[in-house]
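The structure appears right after this line, and notes come after that.
Throughout, numbering of the chain's residues begins at 1 and tracks the sequence. Fair warning: this is a prediction, and the values are worked out from it, not measured in the lab.
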Amino acid sequence: MHSSAIFLIEFGAIILGLGLLGRLAGRLQFSPIPLYLLAGLAFGEGGLLPLGASEEFVAIGAEIGVVLLLLMLGLEYTASDLVSNLKTQYPAGLVDMLLNAVPGAILALLLGWGPVAAVVLAGVTWISSSGVIAKVLNDLGRLGNRETPVILSILVLEDLAMAVYLPIVTALLAGVGLAAGSVTLAVALGVAGLVLFVAVRYGRVISRFVSSDDAEKLLLVVLGLTLLVAGIAQQLQVSAAVGAFLVGIALSGEAAEGAHNLLAPLRDLFAAVFFVFFGLHTDPQSIPPVILPAFVLAVVTALTKTATGWWAARRAGILGKGRWRAGGTLVARGEFSIVIAGLAVTAGIEPQLGPLATSYVLILVVLGPLAARYTEPIALRLTRKRSSADGVPTPVGVTPDPASATAPALEALEPVEDGRTERR
């Protein structure tokens, strides 16, 4: 059979399969990411049906998927939002980094993988999944809750940190020296700072230039500009993902909204291809040896993410239930953990890093929505049992706060998403 025909058959089967898996995930009400990863494992080396003719095209599609993921992420925020969050929420960002990046780095060092793999695994365990969390907040009807801005602020800080982290990882994986790595980081920081400055001062001008009432013209301009900037960033070893993220930040208003609506289906398509591509490069037989470390790491970082959200919500003045909801919602890892691990897999620094990252994400992308839903009731039940064991009567649903003698009284009423008050 002609190679082009084989390519069309293979790629068509992949897209059709992804569509069916996405529909199945929708009915089961959880993220399709683990199903996409499993599909990649099935079609990859050592899987049930290895690909042939379409693998090169899938690799290109995966690169476009990463670029579109970061572009769409940038479109969600304005430069002023990022600057404001950086000023007011940076302590929560620092706590988030320390509690969640350190366990990944420690495990990599304990496994003898070396400092470069430690930096990569630290990023895998650090960054929460914005896509999964946004869907969970919407599904649970929590978009109007008091703790939601705290959750979103942490996600924004993580996304902004990626503009610094990704160039560092790219330089380390490329094996450049200290001097060259410092230059790369300086260029990345300089470009990021310049883009933020231009976006704050001239964002409306840029958006008016890009904006168009014709959907076709807007799509072509935004997509072409994004791929061009991403390619230039990649050439400078800054990371194509960072370039795409900065393009998204620079756009605002009608241009950002229109681009978001037009690019969302493309993002979903190529992001799904990216997850399949990552699975293609993971041998299923390499997963069993790393299941135990991945599970332990998942449990530890689920707890540290919960602690991060709880602390950040407490710092923002959120009481009782909202603290536990914030913590549980942040547990999910997903697309960006795979993006970071994918860089290391492509560079070939540690054969077991890809399988461990796959297992880790599979566990937490499933556990994340469950943690968001059940962390609060479980925590309150355990708190009540502990208070009863100590002989201290606790009103139903009230979490004592040792830092505030008036906390139980204040927590008797708490606003919920529809503006009413919830009797605890």
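Applying the side chain to side chain contact (heavy atoms under 4.5 Å, CB included) test to V296 and every residue at least two apart in sequence or in another chain returns L292, V300. For T125, the side chain to side chain contact (heavy atoms under 4.5 Å, CB included) criterion is met by L297, T301, Y360, not counting sequence neighbours. In this structure F209 satisfies the side chain to side chain contact (heavy atoms under 4.5 Å, CB included) test with no other residue, sequence neighbours excluded. Listed by chain and residue number, N100 satisfy the side-chain hydrogen bond (donor to acceptor under 3.5 Å, both in side chains) test with T308 (two or more places apart in sequence, or in another chain). With sequence neighbours left out, E158 forms a side-chain hydrogen bond (donor to acceptor under 3.5 Å, both in side chains) with K305. By the side-chain hydrogen bond (donor to acceptor under 3.5 Å, both in side chains) test, T306 is found to be paired with no residue, residues two or more places apart in sequence or in another chain being considered. Residues forming a side-chain hydrogen bond (donor to acceptor under 3.5 Å, both in side chains) with S129 (at least two apart in sequence, or on another chain): E335. Not counting sequence neighbours, the partners of A25 by the side chain to side chain contact (heavy atoms under 4.5 Å, CB included) test are P32, L35. Considering only residues two or more places apart in sequence or on other chains, E350 meets the salt bridge (Lys or Arg N to Asp or Glu O under 4.0 Å) condition with none of them.
Across A344 and L353, no two heavy atoms sit closer than the pair CB-CD2, 3.3 Å. Listed here is the closest heavy atom pair of L367 and A302: CD2-CB, 4.3 Å. Closest heavy-atom contact between I363 and A298: CG2-CB, 3.7 Å. Nearest heavy-atom pair, V119 versus Y165, reported as atom, atom and distance to 0.1 Å: O-OH, 2.7 Å. Pairing each heavy atom of R333 with each of S337, the nearest pair is CB-OG, 3.6 Å. Here the closest heavy-atom approach between residue A372 and residue T329 is recorded as CB-CA, 3.8 Å.
With rounding to the nearest 0.5 angstrom, the CD1 atom of I338 is 11.5 Å from the CG atom of L343. From R146, atom CZ reaches atom CD1 of I318 across 4.0 Å, with rounding to the nearest 0.5 Å. In this structure, the separation between CG on L140 and CZ on R373 is 5.0 Å, given to the nearest 0.5 Å. Atom CD1 of I168 and atom CG of L172 lie 7.5 Å apart (nearest 0.5 Å). Within the model, atoms CG of L18 and CG of D268 stand 11.5 Å from one another, a figure rounded to the nearest 0.5 Å. Separating the CZ atom in F274 from the CG atom in L68 is a distance of 12.0 Å, to the nearest 0.5 Å.
Using a 4.5 Å heavy-atom cutoff, the side chains of L356 and I287 are not in contact. Between R323 and W311, the closest side-chain pair of non-hydrogen atoms is not below 4.5 Å. Contact check for L155 versus L330: side-chain heavy atoms found under the 4.5 Å cut-off. Between L157 and D96 the shortest side-chain heavy-atom distance does not fall below 4.5 Å.
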Query - Steps toward side-chain contact (heavy atoms from CB on, under 4.5 Å) verdict (V247, L75) - result: CA-CA 8 Å; V247 171; L75 290 174; over 6 Å; no
Requested in this report: Show your working on side-chain contact (heavy atoms from CB on, under 4.5 Å) between N145 and R325 and close with a plain yes or no.
Outcome: CA-CA 10 Å; N145 279 23; R325 287 195 296 263; 3.4 Å; yes
Report task. Please step through side-chain contact (heavy atoms from CB on, under 4.5 Å) for the pair W113 and L121, ending with a clear verdict. Result -> CA-CA 10 Å; W113 290 356; L121 194 56; 4.3 Å; yes
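Evaluated for a side-chain contact (heavy atoms from CB on, under 4.5 Å) with L38, the options V276, L21, L362 yield exactly one hit, L362.
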Sequence neighbours excluded and cut-off under 3.5 Å, please list the side-chain donor-acceptor pairs for residues 213-227, or say none.
residue, atom, partner, partner atom, Å
D214, OD1, E216, N, 2.9
D214, OD2, K217, NZ, 3.0
T226, OG1, V222, O, 2.7

Please list every donor-acceptor pair under 3.5 Å in which a side-chain atom of residues 255-266 meets a protein atom from a residue at least two apart or in another chain.
residue, atom, partner, partner atom, Å
H260, NE2, E76, OE2, 2.9
N261, ND2, E257, O, 3.3

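The number of heavy-atom neighbours closer than 6.0 Å to CZ of R315, taken from other residues, nucleotides and ligands shown, is above 12.
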